[in-house]
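In the text below, chain A, chain B and the rest are named by the order of the sequence lines, each starting its count at 1. Side chains are part of it too, since the values below use all heavy atoms of this structure and drop only hydrogens, waters and symmetry mates.
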Protein chains: 2
Amino acid sequence: MTKAAAPAHEPQWLTAEEQRIWRSYLHATTLLEDQLDRQLQRDAGMPHVYYGLLVKLAESPRRRLRMTELARDAKITRSRLSHAIARLEKNGWVRREDCPSDKRGQFAVLTDEGLDVLTNAAPGHVTAVRNALFDRLTPEQQKSLGEIMQIVAEGLQPNEAGADLPWLR
Amino acid sequence: MTKAAAPAHEPQWLTAEEQRIWRSYLHATTLLEDQLDRQLQRDAGMPHVYYGLLVKLAESPRRRLRMTELARDAKITRSRLSHAIARLEKNGWVRREDCPSDKRGQFAVLTDEGLDVLTNAAPGHVTAVRNALFDRLTPEQQKSLGEIMQIVAEGLQPNEAGADLPWLR
DNA sequence: CGCCACTTGTTTAAAGTTCAAGGATGAAAC
DNA sequence: GTTTCATCCTTGAACTTTAAACAAGTGGCG
């Protein structure tokens, strides 16, 4: 121990190096999200989050998902999802369906038109992601990024994959 | 070349591994941003972006910055900044001042009260960042993250540090 | 000077998000 | 059955963000 310990109720401030890392993180993530939002808004008429919803639906059996499950997958609140689906429904890209087995439940269903929009938007989006991210990183960096982000995501996941086990927090 | 090349106008889709990385990235960044937003909203009565504005001001000489410069530093549009500063001004945490040398210009100035709020909020925020990010990563991972994010940020920076040099794009 | 192009910052309205509350159904206990 | 509590999803209001248009000021240049 070469440094005096901080007073008990003082937080451990970030070191200069940590600050550098943290700022790079903030800059990169905000710039990237802005970029994707603008690209998708321009080319597909919706923000990135909404695009993500269509993707989830397209990947699901029968192109449908329960609202709660979709919200969980997309990491957004059910409230936000309700509003989002309302908007997508207005566009004709998604439609709601009642769940036969649980009268409280709703399915969000990707329409044919929605799939078309998605199909048209996808190439541009993938290209944008490549340009901004993958094309700039070495394979090692890509691997590293994946590991890091997985760790962070798991740490923040309120409840996923055996999270009803109290001793995991 | 073991794989057939994609048709010229087909995008290069993400490989399975790239998709994994990209999804981890999206999950981690959205969960982290949500987490910080909620923490700051609860403890300091403002979203993360607004907190970032106060930080920039606090770090600046005489606790003030021109609107455009602040917007650039924080990676947000001037319009967004106008609204944000209006709100912070209403809280008494920031005040505006005219620029003497350029009558169009405005300074955003951090008030004493604003500095107090910031001082009180900082420990909790730093702790949140540590808990979610730094405490979970090895030193190598931290270093790697910094490098990666710097690359990405620089790639997206519309104009920074000698960006008026046309041959850089 | 007088014109023109550009920058600065704000404004308006529309879109998106959050927060707290609430209606309805389900599930388990009594 | 009915009470109780949890879950599913929606709603409306407040707030934040975006996009486009605008007023005012700067600065180059004939």
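Residues Val152(A) and Ala132(B) approach most closely at CG1-O, 3.9 Å, considering heavy atoms. Closest approach of Asp37(A) to His48(A), counting heavy atoms only: OD1-N, 2.7 Å. Taking every heavy atom of both residues into account, Leu14(A) and Gln19(A) meet most closely at O-NE2, 3.4 Å. Minimum interatomic distance between Arg23(A) and Glu59(B) (heavy atoms only, all atoms of both residues): NH2-OE2, 2.5 Å. Between Val109(B) and Leu57(B) the shortest heavy-atom distance is C-CD1, 4.5 Å.
Protein chain A touches strand DNA chain C; the 5'-most and 3'-most nucleotides with an atom under 4.0 angstrom of its non-hydrogen atoms are dG16(C) to dG26(C).
Protein atom CZ of Arg72(A) is 11 Å distant from nucleotide atom P of dC9(D), rounded to whole Å. Atoms CD (Gln41(A)) and C1' (dT17(D)) sit 12 Å apart, rounded to a whole Å. Following rounding to the nearest Å, His48(B) (NE2) and dT17(D) (P) show an atom-to-atom distance of 12 Å. One interatomic measurement links the two molecules: CZ of Phe107(A) to C1' of dC9(D), which rounds to 14 Å at whole-angstrom precision.
At the heavy-atom level, Tyr50(B) lies under 4.0 Å from the strands shown only through sugar-phosphate atoms. Contacts of Arg42(A) with the nucleic acid, taken as non-hydrogen atoms under 4.0 Å apart, are absent. Residue contacts shown for Asp37(A) are absent, as no nucleic acid heavy atom lies under 4.0 Å away.
Each of Thr77(B) and Thr68(A) lies near DNA chain D, and the nucleotide nearest Thr68(A) is the one positioned closer to the 5' end. Comparing Asp102(B) and Ile76(A) along DNA chain C, the residue whose closest nucleotide (by nearest heavy atom) sits nearer the 5' end is Asp102(B).
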Protein-nucleic acid N or O pairs under 3.5 Å, nucleotides 12-14 of chain D:
from    : atom 1 : to       : atom 2 : distance (Å)
dG12(D) : O6     : His83(A) : NE2    : 2.8

Between the protein and nucleotides 4-7 of chain D, are there any N/O to N/O pairs under 3.5 Å, and if so, what are the atom names and distances?
from   : atom 1 : to        : atom 2 : distance (Å)
dT7(D) : O2     : Arg104(A) : NH1    : 2.7

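Pairs engaging residues 101-117 of chain A under the side-chain hydrogen bond (donor to acceptor under 3.5 Å, both in side chains) rule: Arg63(A)-Asp112(A), Asp102(A)-Arg104(A) [sequence neighbours left out].
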Legend entry - Chi angles and distances behind the side-chain contact (heavy atoms from CB on, under 4.5 Å) call for Gln12(B), Val126(A): CA-CA 8 Å; Gln12(B) 180 135 11; Val126(A) 172; 6.0 Å; no
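Near DNA chain D, meaning a heavy atom under 4.0 Å away, there are no residues from residues 54-65 of chain B.
The side chain to side chain donor-acceptor pair (under 3.5 Å) test applied to Gln41(B) returns no partner, not counting sequence neighbours.
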